[in-house]
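Structure first, commentary second.
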Amino acid sequence: MTSESKPAHFLQNIIREDLAEGRVSQLATRFPPEPNGYLHIGHAKSICLNFGLAQEFDGTCNLRFDDTNPAKEEEEYVAAIKRDVSWLGFEWAGDVRYTSDYFDQLHEWALNLIREGKAYVCDLSPEEARQYRGTLTEPGKNSPYRDRSVEENLALFEKMKNGEFDEGQCSLRAKIDMAAPNINLRDPIIYRIKKMAHHQTGDKWCIYPSYDFAHGQSDAIEGISHSICTLEFEDHKPLYDWFIENLPVPARPRQYEFARLNLNYTVVSKRKLKQLVDEKHVDGWDDPRMPTLSGMRRRGYTPAAIRTFCEMIGVTRSDSVVDVGMLEYAIRDDLDKNAPRAMCVLDPLKITLSNYPEGQREVMSAPGHPNREDLGTRELPFTRTLYIEKEDFREEANKKYKRLVLGKKVRLRNAYVIQAEDVVKNEAGEIVEVICSVDLDTLGVDPADGVKPKGVIHWVSAEENVDCEVRLYDRLFDDAAPDAGGKNFLDHVNPDNLKVLTGCKGELGLASAEPEKSYQFERQGYFCRDSKYGTADKPVFNRTIGLRDSWAKEQNK
RNA sequence: UGGGGCGUAGCCAAGCGGUAAGGCAGCGGGUUUUGAUCCCGUCAUGCGUAGGUUCGAAUCCUACCGCCCCAGCCA
């Protein structure tokens with residue numbers, strides 16, 4: 001820890017004290033996803049918190065699939081979640097756990113409650129149960145089945161377990177208090193009938209424990225000391241504690257809540273994400289525009305950047321909406337330091353160097369990174385015809401425009417200074433080529449006349465380059481809060497969230513770019529080769545994020 | 001109008017009775033063969049509001065206001 005380290009957040013303080021005062025001997029946390037969808041940036045916050053705390057305090061963190069609802073869960077998600085957690089850079093303690101590993105024990109404990117008169121089989125239908133539950137302001141009424149004998153409950157629960165009842169026909173409920181102001185305490189359902197196979201336990205069960213009954217006890221079984229969840233579970237804590245106190249569990253875990261992540265211009269609800277996929281607004285869960293970890297990975301986000309972001313935003317109990325600008329800062333910061341540089345012309349304009357012999361070829365050497373010698377050098381063939389960016393040339397411009405202007409000079413990055421001498425236009429009047437002269441005495445030095453060109457532009461040989469496709473992504477939504485209030489988030493999908501450019505010309509080295517490995521295309525942004533589309537000789541590059549652009553800002557003034 | 005939370009700058013967030021950290025964004029300037037990076041400076045007389053206690057209050061007390069969560073046999 002350095003003297004400039006971040007101040008501790010409330011959970012770090014709680015843990016430090018618990019450890020110091022001996023309330024817990026070793027920190028044990030867990031990340032408990034339900035395998036019913038893909039992990040997204042919001043989960044990353046929880047993952048970084050739970051695994052990060054374990055690392056910081058020399059404790060352990062388990063990966064536990066909270067799989068109590070076979071109707072919604074699938075093995076496919078289990079695999080994807082494991083992969084994403086590993087990708088983020090974390091290692092869970094021991095084997096992957098499943099709440100379903102504890103179904104036998106949980107069933108035993110349910111029997112325990114029944115024997116002590118603290119649980120009963122209720123025959124109320126779901127609709128009737130809702131009516132008996134009361135409302136936020138009115139107390140509920142006791143179920144007519146609340147006072148069945150222990151023997152009858154035992155027999156009925158056994159029948160439930162044996163599949164002798166239909167789904168919804170009855171349920172096992174904890175006997176707590178139908179008049180409790182906290183609705184979670186109004187005799188919550190702890191076991192329900194679901195006659196379906198489970199991805200882990202197959203056909204062994206037709207009754208499944210509820211989240212409330214399973215979670216705390218699973219924590220206890222695993223010896224979790226601090227069970228960290230999001231704010232909406234705070235009302236469940238009294239119930240969490242009630243089970244722990246009324247059952248012979250091997251440990252006393254404690255629940256703590258923190259605020260989930262909200263990001264502007266983004267939706268992170270599995271339902272909405274799924275809708276974007278199903279209605280083809282995006283090309284799958286791993287579409288680079290998605291805030292899923294798999295989408296971000298394909299987009300070029302790095303685990304380190306996501307971890308930094310989670311560190312930046314802090315951990316508190318107040319609802320907040322983080323500006324995506326912070327996420328963008330985190331990825332730019334990482335990639336600026338670590339991504340090798342390359343040149344790629346997105347919108348090519350041909351340049352012919354009139355005083356450079358036809359057939360002549362030189363090889364320019366350029367650093368892999370301006371201040372990372374360990375990233376080596378790259379070789380750039382330089383020829384009579386080149387491509388530059390269309391927007392980097394103007395026939396006339398004011399002094400603020402620091403690029404190539406007719407009659408003026410500009411530096412070709414990592415190469416010579418050139419001057420635009422003439423323009424070739426097609427019948428439509430569009431510029432199709434610029435004739436330039438090159439000053440061969442300017443490699444690494446300013447022109448002899450001492451006048452240093454103000455601008456530097458990127459280029460690529462027109463004769464030797466990699467033809468590629470580049471996909472420019474913009475934010476998925478054009479509204480800062482697409483799902484706020486009564487808004488339909490689909491009405492705010494940004495129509496310009498993807499621009500596909502073909503015929504882009506990249507420097508030769510890009511042909512061997514590995515998928516998901518980041519490059520900075522100088523003067524433009526950070527890109528990585530797509531892992532799904534493209535061919536060996538025609539790669540597709542995804543733009544992760546553009547460079548900060550003060551020129552664009554200047555022009556918008 | 002039941003219960004549980006939360007209000008510090010445009011955003012995130014420290015602070016826990018001694019006179020408002022830090023980051024993102026913004027703004028101004030410097031360096032630069034990336035209009036990037038980097039560097040420097042600037043950015044709350046104010047902590048939801050109103051009272052009160054105190055030599056002193058974002059921190060304590062009182063009242064009020066606003067926002068979020070809870071009535072799945074979802075998690």
Side-chain angles (χ1 to χ4, degrees), chain A residues 4 6-9 32-34 36 66-69 71-73 122 124-126 129-131 133-140 167-173 180-186 188-194 207-208 210-212 214-215 229-238 257 259 264 270 311-330 332-333 336-337 341 343 366 370-371 400-403 410-415 417 442 444-446 452-458 520-525 546-555:
Chain A
E4 301 131 47
K6 284 200 66 166
H9 56 68
E34 180 185 15
N36 69 341
D66 211 346
D67 56 351
T68 57
N69 187 353
K72 296 188 173 181
E73 300 150 7
C122 178
L124 251 23
S125 69
R130 176 160 39 79
Q131 283 164 1
R133 193 154 34 231
T135 68
L136 293 178
T137 52
E138 305 156 29
E167 286 187 19
Q169 194 176 143
C170 57
S171 63
L172 184 69
R173 298 227 253 164
N182 180 341
I183 292 182
N184 294 121
L185 263 16
R186 318 238 266 228
I189 272 89
I190 61 180
Y191 259 97
R192 71 288 212 208
I193 299 168
K194 280 185 185 291
I207 54 172
Y208 293 92
S210 64
Y211 163 84
D212 286 309
H215 205 94
C229 61
T230 45
L231 253 24
E232 67 270 29
F233 289 100
E234 179 148 39
D235 287 346
H236 293 245
K237 184 151 56 183
E257 312 83 22
N264 60 13
K270 284 176 191 169
E311 195 64 35
M312 283 172 72
I313 59 177
V315 179
T316 68
R317 292 177 58 87
S318 37
D319 281 309
S320 58
V321 181
V322 175
D323 192 316
V324 285
M326 277 214 228
L327 217 208
E328 297 177 346
Y329 171 84
R332 281 197 186 103
D333 190 49
D336 171 61
K337 290 180 174 69
R341 314 279 115 132
M343 293 197 284
N371 34 44
K400 281 188 173 176
Y401 186 79
K402 303 196 298 184
R403 307 178 186 186
V410 78
R411 163 138 246 148
L412 293 180
R413 183 150 170 84
N414 298 127
V417 169
T442 54
V445 295
D446 289 338
K452 184 177 184 171
K454 283 199 312 276
V456 179
I457 64 174
H458 60 280
Q520 182 196 94
F521 286 0
E522 292 187 287
R523 299 213 308 135
Q524 293 182 129
L547 251 28
R548 267 175 75 213
D549 191 352
S550 60
W551 168 239
K553 207 176 289 175
E554 175 72 26
Q555 287 176 304

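These numbers were taken from a predicted model, which means no experiment stands behind them. Proteins get letters first, then strands, A, B, ... in listed order; numbering begins at 1 in each. Heavy atoms only: backbone and side chains are in, while hydrogens, waters and symmetry mates are out.
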Original post:
Can a side chain N or O of A:Arg403 be found less than 4.0 Å away from OP1 or OP2 on B:rG35?
Top reply: no

**OP:** Indicate, with a heavy-atom threshold strictly under 4.0 Å, whether A:Pro453 touches base, sugar-phosphate, or nothing.
**Re:** nothing

Original post:
For A:Ser210 and B:rG72, is the shortest distance between a side-chain N/O and OP1 or OP2 below 4.0 Å?
Top reply: no

Subject >> Ring-base stacking, A:Trp551 with B:rG35 (5.5 Å, 30° cut-offs) >> reply: yes

Original post:
Which nucleotide, B:rG5, B:rA75, B:rA36, lies nearest any side-chain atom of A:Arg317?
Top reply: B:rG5

**OP:** Between B:rC12, B:rU34, B:rG35, spot the one nearest the side chain of A:Arg341, thanks.
**Re:** B:rU34

**OP:** Identify which nucleotide among B:rA36, B:rC12, B:rC38 has an atom closest to any side-chain atom of A:Leu547, counting heavy atoms from C-beta outward.
**Re:** B:rA36

**OP:** Taking only the side-chain nitrogens and oxygens of A:Arg192, find out if one of them lies under 4.0 Å from OP1 or OP2 of B:rC74.
**Re:** yes

Original post:
Which nucleotide in the list B:rU33, B:rA13, B:rU1 gets nearest to the side chain of A:Thr137?
Top reply: B:rU1

Original post:
Given the P atoms of B:rC67 and B:rU62, what is the spacing between them in whole Å?
Top reply: 23 Å

Subject >> Pair A:Asp549 + A:Lys553: basic N to acidic O under 4.0 Å >> reply: no

Subject >> Rounded interatomic separation in angstrom, taking NZ from A:Lys337 and P from B:rC38 >> reply: 6 Å

Original post:
Taking atom P of B:rA75 as reference, at what distance in whole Å does atom CG of A:Asp212 sit?
Top reply: 8 Å

Original post:
Can you check whether A:Ser550 has a side-chain N or O nearer than 4.0 Å to OP1 or OP2 of B:rA36?
Top reply: yes

Original post:
Counting just side-chain N and O atoms, does A:Arg413 come under 4.0 Å of either OP1 or OP2 of B:rG35?
Top reply: no

N/O to N/O distances under 3.5 Å, protein versus nucleotides 22-25 of chain B:
residue: B:rC24; atom: OP1; partner: A:Tyr329; partner atom: OH; Å: 3.1

Subject >> Rounded distance in Å between the P positions of B:rG4 and B:rC11 >> reply: 29 Å

Heteroatom pairs (N/O) under 3.5 angstrom, protein to nucleotides 66-71 of chain B:
residue: B:rC68; atom: O2'; partner: A:Asp319; partner atom: OD2; Å: 3.2
residue: B:rA71; atom: O2'; partner: A:Arg133; partner atom: NE; Å: 3.3

**OP:** Walk me through it: do A:Lys6 and A:Glu311 pass the test salt bridge (charged side-chain N to carboxylate O under 4.0 Å, His left out)?
**Re:** CA-CA 9 Å; A:Lys6 284 200 66 166; A:Glu311 195 64 35; 5.3 Å; no

Subject >> Atom pair distance, as rounded to whole Å: CD in A:Glu234 and P in B:rC6 >> reply: 7 Å

Subject >> B:rG15 to B:rA20 separation - C1' atoms, rounded to the nearest Å >> reply: 8 Å

**OP:** Sequence neighbours left out, what passes side-chain hydrogen bond (donor to acceptor under 3.5 Å, both in side chains) with A:Glu522? Give chain and number order.
**Re:** A:Arg378, A:Arg413

Original post:
Would you say the side chain of A:Gln524 and the base of B:rU34 hold a donor-acceptor pair, judged only by whether the two atoms sit under 3.5 Å apart?
Top reply: no

